[in-house]
Amino acid sequence: MFDKADRLRKLPPYLFKEIDRKKMELRAKGVDLIDLGIGDPDLPTPGHIIEAMKKAVGDAVNHRYPSYSGMLEFRAAVAEWYKRRFNVDLDPEKEVLTLIGSKEGIAHLPLAFVNPGDVSLVPSPGYPVYNIATFFCGGESYTMPLLREKGFLPDLDAIPSDVVRRAKVMFINYPNNPTAAVADVTFYEMVVEFAARNRLLVCHDAAYSEVAYDGYRPPSFLQAKGAKEVGIEFHSLSKTYNMTGWRVGFATGNREAIDGLSAIKSNVDSGVFQAIQFAGITALRGDQACVQKMNDIYTERRDLMVSQLKKAGFELDTPKASFYLWIKTPKGYSSAQLATRLLEKGVVVTPGNGFGEPGEGYFRIALTQKKARLEEAMQRIKTVSF
Ligand SMILES: *Cc1c(COP(=O)(O)O)cnc(C)c1O
């Protein structure tokens, strides 16, 4: 009866549809599927954060509309955390904004800065929201392919000058989903220089900044000299504190960018439930031992899977960060064929092309299952001869 708007009718195809359909079909048949496809931590939110929420939820002060830009105390806790973690100074009033999860902020940002016909520079393979959010504004995405031989970093010099001229924003994401690649401050300084020269707003998605191995600490984009003049960084409590269901994140950096995003948001949503912000304050200001504990668990899982996969003949790099493994498909297999083959054995993996065409020839495994389940998955994978 109702014609959907063009922006829905012309939505880029959802490439996981076929896998999702087969998953449902097998589950309905009662097959015990091991899902290594989900980018959602299986571990619970640390107890002290839950306690803070319990305390705050009963206080009537928190039952009213929160402030649009977030409680000043939450934003101050973010600024303190940035100082301790990255040695970056932030003004909590002008350079920090509370978000209903970082996805919300990323999705709304182009509404503030992208006009119809403008270009967003978007990494591929990548988190689909950068592309879709641009499309919703009538903008065009220009794909920056992330290639293994370039360390899965975009090649800025390869972007045609007429595209650069029309570009308004550039999305980057390290530690990266899905490739698990990391970037150093030198790369961020190149990005800052490129953005300043071409008047671009850089949006760095740092959702995995705290999920890292072997003592490695991923840097913030804002550590690069001049970054605050050209960029905004998105963080999330989702992966750091196993809080994906709570919906709380934040944006930091350039004042005009924060201000623009805030103006869009104040017309769309009414902020984050204050009790959740209190829980977030406890998370950011509290003991960070829970983060180390979580990373120790992922490390054990990573080591198990990397060694077993290599033994089984798969080609992959050992990740320094994120909870993903990005693995080459065996010779003769496309991403979709490989995913289908493993699905027949009861193992769900994500085909790399679902994150964009340059992801073809890879598949992604998430380390978000218990060790025993991962071992069982490996047993099943080993029964396939490629
Ligand atoms: C999980 C994820 C996010 C979003 O997380 P929120 O729960 O919305 O904060 C953002 N970017 C990437 C790359 C992710 O994988």
Side-chain angles (χ1 to χ4, degrees), residues 16 35-45 49 70 74 78 81 96-110 120-134 141 144 146 152-154 169-183 202-212 218 220-221 231-253 261 265 268-269 271-273 276-277 279-280 283-284 291 294 298 319 321-326 350 352 354-356 358-359 364-368:
F16 302 122
D35 199 338
L36 306 183
I38 357 174
D40 186 356
D42 60 307
L43 303 164
T45 306
I49 300 172
F74 178 84
V78 168
W81 181 79
V96 183
L97 180 65
T98 308
L99 301 173
I100 312 171
S102 60
K103 181 180 186 177
E104 178 266 303
I106 293 164
H108 281 137
L109 182 107
S120 292
L121 305 173
V122 172
S124 180
Y127 190 56
V129 183
Y130 317 134
N131 178 32
I132 304 277
T134 300
S141 293
M144 301 187 291
L146 305 185
F152 298 110
L153 300 170
V169 301
M170 170 194 265
F171 288 98
I172 51 173
N173 163 224
Y174 296 96
N176 183 256
N177 176 11
T179 68
V182 298
V202 178
C203 305
H204 180 235
D205 179 352
Y208 295 93
S209 73
E210 307 312 299
V211 185
S220 161
F221 173 71
I232 183 169
E233 187 158 72
F234 292 94
H235 272 275
S236 173
L237 279 74
S238 289
K239 317 289 166 45
T240 308
Y241 303 106
N242 303 322
M243 292 174 74
T244 48
W246 298 58
R247 311 313 303 135
V248 58
F250 49 91
T252 58
L261 177 56
K265 278 173 59 58
V268 177
D269 66 66
V272 171
F273 183 27
I276 291 177
Q277 294 191 63
L284 292 167
V291 179
M294 167 190 82
Y298 287 138
S322 86
F323 47 59
Y324 300 112
L325 304 179
W326 187 241
T350 313
F355 299 101
R364 192 192 75 177
I365 276 180
L367 301 169
T368 49

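When a ligand or atom number is given, it counts from 1 through the structure's own listing order. Small disclaimer: the values here were computed from a predicted structure and weren't measured. Note that the numbering runs from 1 along the sequence shown for the chain.
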Residue [X] vicinity, atoms of ligand 1 by number, heavy atom under 4.0 Å:
X	value
S102	3 (C), 4 (C), 5 (O), 6 (P), 8 (O), 9 (O), 10 (C)
S238	6 (P), 7 (O), 9 (O)
G101	8 (O), 9 (O)
K239	1 (C), 2 (C), 3 (C), 5 (O), 14 (C), 15 (O)
S236	5 (O), 6 (P), 7 (O), 9 (O)

Ring centroid separation Y324 to Y208 under 6.0 Å: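 Ring-ring flag for Y324/Y208: true, centres closer than 6.0 Å.
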
For ligand 1, find out whether one of its N or O atoms is nearer than 3.5 Å to an N or O atom of [X].
X	answer
N177	yes
Y208	yes
N173	no

Can you find a heavy atom in the side chain of [X] that is under 4.5 Å from one in the side chain of [Y]?
X	Y	result
F171	P110	yes
L325	P319	yes
N176	S322	no
L261	L99	yes

Nearest option to atom 12 (C) of ligand 1, as decided by whichever heavy atom of I106, L99, D40, D205 sits closest: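 Ranked by closest heavy atom to atom 12 (C) of ligand 1, first place is D205.
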
Any donor-acceptor pair under 3.5 Å from T45 side chain to N242 backbone: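 Side chain of T45 to backbone of N242: a pair is present.
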
contact_flag R247 ligand 1 heavy-atom lt 4.0 Å: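 Heavy atoms of R247 do come under 4.0 Å of ligand 1.
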
Electrostatic pair E104-K265, nearest N-O below 4.0 angstrom: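 So E104 pairs with K265 through a salt bridge.
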
